[in-house]
Amino acid sequence: MSEQGTNERLQAFRIPSLPPDFYYIPDFISAEEEASILQKIPSNRWTHLTHRRLQAHPSTLTKSNTLLAAPLPTYLTSSILPRFNALSIFDDTPHQAPNHVLINEYKPGEGIMPHEDGLAYAPVVATVSLGGSMVLDISAKADGHQENFELPARIFQEPRSLLITTGSAYCDLMHGIAAVEVDEDLGAGSVANWGLLGDKEGIEGMSGRSVRATRVSLTFRDVMRVSKAASKVLGGLGRR
Ligand SMILES: O=C(O)CCC(=O)C(=O)O
Ligand SMILES: [Fe+2]
């Protein structure tokens with residue numbers, strides 16, 4: 001996101017105290033939209049891993065990290081893409097729009113090891129959370145210098161929220177989710193996006209604890225390398 005692309009509205013959601021280019025927006029989608037998306041995720045496309053299950057739309061990348069061009073399903077785009085556009089989130093990526101969505105589902109006690117998302121994608125991830133809350137742990141890479149910021153840090157993601165990770169936050173940091181059933185010690189001093197949360201009171205009422213429920217995340221990305229070959233073949237067949 002360039003300075004021009006980053007509009008005023010987005011600046012209000014920047015997570016202070018962290019390296020630049022994390023933005024957190026609570027209540028990005030409505031409860032009705034959340035329920036509708038959850039209900040439309042196909043039950044027969046999951047790949048099961050030890051600590052989560054996932055599916056990729058429109059498809060998994062090839063071995064050379066190429067996306068075979070195909071549209072995203074409309075249930076993932078109809079309410080969400082116009083809002084991304086209004087915030088100029090993908091204005092500076094090669095295709096100026098997300099072309100790939102990874103859906104991850106975590107049951108209580110599941111998580112994902114610290115990692116970085118790498119070079120197959122433009123350095124912008126927009127993550128919509130559905131169903132449950134959890135803490136995303138942010139840490140510096142072993143070789144990274146981030147003296148001005150307090151790392152590791154924690155970002156609390158509520159259901160229906162959007163987290164944008166871009167710029168150096170994408171390139172220089174790692175993220176992971178602890179495999180726990182309860183996130184603890186949540187408060188103003190320990191959660192980087194505390195001031196931006198939609199429901200701090202709910203956490204305070206639980207003395208800084210948040211019990212995990214099943215969480216589904218939609219990670220929207222722009223894959224750099226796209227092949228039109230497959231769609232040409234299919235289009236050609238379709239015309240016959
Ligand atoms: O579920 C999330 O929010 C994180 C998923 C993730 O890091 C990934 O798919 O690369
Ligand atoms: Fe990731």
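Both counts, for ligands and for their atoms, begin at 1 and track the order of listing. Counting begins at 1 with the first residue of the sequence.
- Residue contacts with ligand 1: Arg221 is placed with a nitrogen or oxygen under 3.5 Å of a nitrogen or oxygen of the ligand (distance criterion only).
- Not a single heavy atom of Met134 sits less than 4.0 Å from an atom of ligand 1.
- Here Phe84 contributes atom CZ and Ile89 contributes atom CD1; the two are 5.0 Å apart, rounded to the nearest 0.5 Å.
- Residues Val101 and Leu67 do not share a hydrophobic cluster, clusters being chains of Ile/Leu/Val/Met/Phe/Trp/Tyr side chains in contact below 4.5 Å.
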What side-chain donor-acceptor pairs closer than 3.5 Å can you find for residues 123-137, not counting sequence neighbours?
residue: Ser129; atom: OG; partner: Arg215; partner atom: NE; Å: 3.2
residue: Ser129; atom: OG; partner: Arg215; partner atom: NH2; Å: 3.0

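- In this structure, a donor-acceptor pair under 3.5 Å is present between the side chains of Thr219 and Arg221.
- The Fe ion (ligand 2) has His115 NE2, Asp117 OD1, His175 NE2 as its protein N, O or S neighbours under 2.8 Å.
- For residues 68-83, the side-chain hydrogen bond (donor to acceptor under 3.5 Å, both in side chains) pairs, not counting sequence neighbours, are Glu33-Arg83.
- Considering backbone and side-chain N/O atoms, Thr219 never comes within less than 3.5 Å of an N/O atom of ligand 1.
- Applying the ring-ring contact (aromatic ring centres under 6.0 Å, His included) test to every pair with at least one member in residues 159-178, sequence neighbours left out, gives these pairs: His115-His175.
- Checked by distance only, ligand 1 and Arg52 stay at 3.5 Å or farther apart across all their nitrogen or oxygen atoms.
- Looking at Asp222 and Thr93, their side chains do bring a donor and an acceptor atom within 3.5 Å of each other.
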